[in-house]
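When reading the values below, keep in mind they use all heavy atoms of this one structure, side chains included, and skip hydrogens, waters and symmetry mates.
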Amino acid sequence: MLAERAMQLNAEEDAASQPSIWRDVYNLMRCPGPPCNLRPYCWRDNVGKRHYKLKTHNLKSLIRHVEQGGTLETHDDVPDDFREQLYAEKQQDAERQRKRIASTVTGLPPINITNVLPSQTSTSSTETGLSKPSSPLEIPGQLDVAVRKYSEWQCTRVTNKSLKMEYQKVYHITLDEGLDLELIYEEQNAQFYIDKGIKSGIA
């Protein structure tokens with residue numbers, strides 16, 4: 001990729017007295033670094049406030065857009081069809097990740113989450129063993145909002161700043177991987193979060 005890019009840059013600059021389109025696109029899309037870890041290139045979606053990793057084919061698509069007369073001076077200038085392509089790729093990556101998680105879960109003991117309402121009687125000691133949930137968790141409303149509210153609720157239950165930060169990291173990992181509370185409840189895979197650097201007591 002680097003050799004191809006260098007040859008293209010040299011050819012463009014030799015053929016024209018104007019700056020290289022490739023150089024401009026690559027410089028614009030260079031990842032800013034921490035807290036973003038999508039290096040070397042990413043697109044910053046100012047609407048959704050998320051970063052999307054750019055691969056070679058994505059950068060070439062942006063270069064073609066500019067070569068055909070399109071404007072690309074800021075991240076907001078990225079064309080709608082390109083955005084849709086990135087959203088779809090992110091969704092496909094999340095689906096693959098979900099399948100990978102599901103395939104690794106088989107050897108791990110599940111974590112049982114029990115929600116008890118005040119009007120219900122407590123469960124007997126024979127029912128507290130670890131097992132898969134017998135009924136699906138149904139959370140009304142938008143899935144990403146539910147994840148945010150759950151994270152905020154967890155943060156209100158602790159006073160320690162580092163624990164609050166851990167809950168916020170869980171929130172961001174959950175959204176970045178395209179997960180929601182129902183999927184987490186069904187899979188019950190704490191190791192997934194531990195592997196991402198979350199403390200085991202929080203995961």
Side-chain angles (χ1 to χ4, degrees), residues 31-39 42-54 75 83 86-123 125 127-203:
C31 183
C36 181
N37 62 351
L38 300 176
R39 290 185 175 191
C42 71
W43 170 60
R44 296 181 294 280
D45 181 4
N46 290 326
V47 175
K49 303 297 182 196
R50 293 183 70 177
H51 291 222
Y52 293 83
K53 184 172 184 63
L54 296 180
H75 284 251
R83 293 170 193 239
L86 285 179
Y87 298 148
E89 287 177 11
K90 182 74 172 173
Q91 183 66 32
Q92 289 170 353
D93 289 345
E95 289 295 325
R96 281 193 288 271
Q97 180 70 19
R98 216 175 273 145
K99 288 176 184 174
R100 257 185 266 128
I101 291 169
S103 68
T104 59
V105 162
T106 55
L108 301 173
I111 298 171
N112 190 22
I113 300 173
T114 305
N115 293 324
V116 180
L117 299 174
S119 63
Q120 295 176 334
T121 59
S122 62
T123 58
S125 60
E127 296 175 15
T128 58
L130 295 177
S131 64
K132 278 283 189 190
S134 58
S135 62
L137 181 67
E138 293 184 12
I139 300 174
Q142 296 176 329
L143 300 177
D144 57 339
V145 173
V147 172
R148 179 180 49 80
K149 287 182 178 179
Y150 182 77
S151 173
E152 291 170 353
W153 175 72
Q154 288 288 15
C155 287
T156 65
R157 300 179 66 216
V158 296
T159 57
N160 184 293
K161 285 188 178 185
S162 67
L163 293 176
K164 287 181 187 281
M165 289 175 58
E166 286 293 304
Y167 283 117
Q168 290 169 354
K169 283 198 287 189
V170 168
Y171 164 71
H172 290 293
I173 290 169
T174 301
L175 288 187
D176 287 343
E177 296 299 328
L179 299 172
D180 59 66
L181 295 179
E182 292 176 13
L183 288 170
I184 294 168
Y185 179 70
E186 290 170 10
E187 296 300 330
Q188 300 192 10
N189 181 10
Q191 190 62 45
F192 167 75
Y193 288 99
I194 293 169
D195 292 344
K196 297 273 186 182
I198 301 300
K199 294 178 182 176
S200 59
I202 303 291

Could you give all pairs that pass the salt bridge (charged side-chain N to carboxylate O under 4.0 Å, His left out) test and reach residues 188-203, with sequence neighbours left out?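 Every salt bridge (charged side-chain N to carboxylate O under 4.0 Å, His left out) pair that includes a residue of residues 188-203, provided the two are not neighbours, is Glu177-Lys196.
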
Would you list the pairs meeting salt bridge (charged side-chain N to carboxylate O under 4.0 Å, His left out) in which at least one residue belongs to residues 151-164, sequence neighbours left out?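 Every salt bridge (charged side-chain N to carboxylate O under 4.0 Å, His left out) pair that includes a residue of residues 151-164, provided the two are not neighbours, is Arg148-Glu152.
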
[atom2] on [Y] to [atom1] on [X], rounded to 0.5 Å:
X      : Y      : atom1 : atom2 : answer
Gln154 : Tyr171 : CD    : OH    : 14.5 Å
Ile173 : Phe192 : CD1   : CZ    : 7.0 Å
Asp176 : His51  : CG    : NE2   : 10.0 Å
Lys53  : Arg39  : NZ    : CZ    : 10.5 Å
His172 : Lys169 : NE2   : NZ    : 11.0 Å
Arg83  : Trp43  : CZ    : CH2   : 4.5 Å

Chi angles and distances behind the side chain to side chain contact (heavy atoms under 4.5 Å, CB included) call for Tyr193, Val170: CA-CA 7 Å; Tyr193 288 99; Val170 168; 3.9 Å; yes

Distance-minimising heavy-atom pair for [X] and [Y]:
X      : Y      : value
Ile198 : Glu166 : CA-OE1, 3.5 Å
Pro32  : Cys42  : CD-SG, 3.8 Å
Tyr167 : Ser151 : O-OG, 3.4 Å

Hey, are Gln91 and Tyr87 close enough side-chain-wise for a donor-acceptor pair under 3.5 Å?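 Checked: Tyr87/Gln91 side chains show no N/O donor-acceptor pair below 3.5 Å.
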
Residues Asp93, Lys90: salt bridge by 4.0 Å N-O rule: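 The answer is no: the pair does not qualify as a salt bridge.
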
